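What follows is one structure encoded as structure tokens, with my remarks underneath.
Counting convention: from 1, in listed order, for ligands and their atoms alike. What you see is a predicted model; the values in this text were computed from it and never measured.
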Amino acid sequence: MTALLQRIGEAGPITVERYMELALLDPDHGYYTRKYPFGAAGDFVTAPEISQMFGELLGLWCYAAWQAAGSPHPAMLVELGPGSGTLMADALRAIESATGAPQPFDIVLVEASARLAHRQREVLSGRAVSWCSAVEELPSRRPAFVIANEFFDALPVRQFVRTAAGWQERLVMVEDDVIAFVLGMVTGSLAASLPDAQTGRVCETSPVRDGLMRDLAAKLATEGGAMLVIDFTAPGMPVRDTLQAVRHHRHADRLTAPGEADLAAAVDFAALGRIARAEGLEAFGPVSQGAFLEELGIAVRAERLKRSAPPETAHGIDLELQRLTSPDAMGEDFRVMALLPAGTVAPAGFDG
Ligand code: SAH
């Protein structure tokens, strides 16, 4: 039995939220603590790993948002959950090559995994970058231009199952070396806060995501800045069971190997948008990732890259473009939402 299974067994039934936290970020056995998730040799591929164009366009979006805010100094460019560091490297290079000047931001990366922070330090070597391990540690009193790509999906969710007796919380327990879902009672007030649904349906909520969005939105509303959230979603949320495990580029059982597989759950953009608005921000979108990147001019960028690429790699650039924008790949299931202080005009990609 793995150390994580043993810990879950000793803890007794735990919530799905606690299970995700342990499986992803346990200091000794968590997935992000121990493994390198990205790329062909890893478990999954994210947009910045597919193509440099993704980070470039997001970097230029942030630069334009900074200019639209009056080019404040100092200002931070923040990335939440930067993974390999590739997106930020591409973003900074694009800003500098478009403006012909050093990029104007203090760069801050929010990363919970020391192992991935080490990797980011290598990829961004030569750059003045600082790290925080949590959003609450972000420096205050300056505008923040924030990118969160596939970050919210890694934050834990709670799951509730509709039974004949009403909503019950889905829990994880280990007994006789077997890990399984079981059901536990919920308080009347929690049950009353969940939507109505047919017996057997699952409802997902994420107090962790909601709290983090509340903090970030309050910060942007008072200190200025902008935020781009890019992530996968699913129709019908929150009454959906979207928790998924991915290992070696395939869906895996969600319980079998905690710490060995990535766990993620689809993002409820409507819920995040409501929270941001309640804190005084304006929420734009979500729009599909394909439409967003096309609005930002990804096709033109691809053509330019192809012109300077050797013929054998030109086709590869077309494939990258397709993977990022086509509805058969990431173009439709992934959505983009922009959050800005109330009264700001619609930013690039959301004015169509
Ligand atoms: N944005 C990257 C990586 C996505 S994977 C990309 O698109 O390639 C999720 C990232 O979020 C990883 O870097 C992981 O270590 C980090 N992460 C997960 N939970 C976190 C938390 N609670 N606080 C900070 N970082 C977290």
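In terms of protein heavy atoms, atom 5 (S) of ligand 1 is closest to Y32 OH, 3.4 Å. From the protein, the heavy atom lying nearest to atom 6 (C) of ligand 1 is T46 OG1, 3.4 Å. When only non-hydrogen protein atoms are considered, atom 18 (C) of ligand 1 lies nearest to A154 CB, 4.0 Å. Of the protein's non-hydrogen atoms, the one nearest atom 21 (C) of ligand 1 is A112 CB, 3.8 Å. The nearest protein atom to atom 4 (C) of ligand 1, hydrogens excluded, is given as E150 O, 3.4 Å; this is a heavy-atom distance.
Using a 4.0 Å cutoff on heavy atoms, L155 counts as a contact of ligand 1.
For ligand 1 and F38, the ligand atoms under 4.0 Å from any heavy atom of the residue are 3 (C), 5 (S). Residue G83 approaches ligand 1 through these ligand atoms, each under 4.0 Å from one of its heavy atoms: 2 (C), 3 (C), 13 (O). Ligand-side atoms of ligand 1 in range of L116: 12 (C), 13 (O), 15 (O), range being under 4.0 angstrom from any heavy atom. Atoms of ligand 1 found under 4.0 Å from any heavy atom of P48, numbered from 1 in the order shown, are 6 (C), 7 (O), 8 (O).
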Could you walk me through whether D318 and K306 pass the salt bridge (charged side-chain N to carboxylate O under 4.0 Å, His left out) test, one step at a time? CA-CA 8 Å; D318 283 334; K306 273 163 66 178; 2.8 Å; yes
Going through the checks in order, is the side-chain contact (heavy atoms from CB on, under 4.5 Å) test met by V123 and M88? CA-CA 9 Å; V123 169; M88 184 56 79; over 6 Å; no
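Ion pairing between a basic and an acidic side chain is recognised when a charged N comes within 4.0 Å of a carboxylate O; E96 and R127 show such pairing. Look at R254 and D241 and you find a salt bridge, because one of the NZ, NE, NH1 or NH2 atoms lies within 4.0 Å of a carboxylate O, short of that distance. A salt bridge is defined here as a Lys NZ or Arg NE, NH1 or NH2 lying under 4.0 Å from an Asp or Glu carboxylate O, and D26 with R34 fails to meet this definition. In summary, E56 and R93 engage in a salt bridge, as defined by a charged side-chain N under 4.0 Å from a carboxylate O. Ion pairing between a basic and an acidic side chain is recognised when a charged N comes within 4.0 Å of a carboxylate O; E21 and R18 show such pairing.
Between F151 and ligand 1, not a single N/O pair is under 3.5 Å apart. Ligand 1 has a nitrogen or oxygen under 3.5 angstrom from a nitrogen or oxygen of E111. By the 3.5 Å distance cut-off applied to N or O atoms, S113 is not counted among the residues near ligand 1. At least one N or O atom of N149 sits closer than 3.5 Å to an N or O atom of ligand 1.
With a heavy-atom cut-off of 4.0 Å, A134 does not touch ligand 1 at all. For L25, every heavy-atom contact with ligand 1 shorter than 4.0 Å involves the side chain, none the backbone.
Relative to the six-membered ring of F181, R170 meets both conditions, a distance below 6.0 Å and an angle of at most 45° to the axis.
Annotation: the span from Y36 atom OH to L116 atom CG amounts to 7.5 Å, rounded to 0.5 Å. Of the inter-residue distances, the one linking E79 atom CD with W131 atom CH2 reads 11.5 Å to the nearest 0.5 angstrom.
Across S133, G81, G55, heavy-atom proximity to atom 10 (C) of ligand 1 is greatest for G81.
Minimum heavy-atom separation, R209 to F152: NE-O, 2.8 Å.
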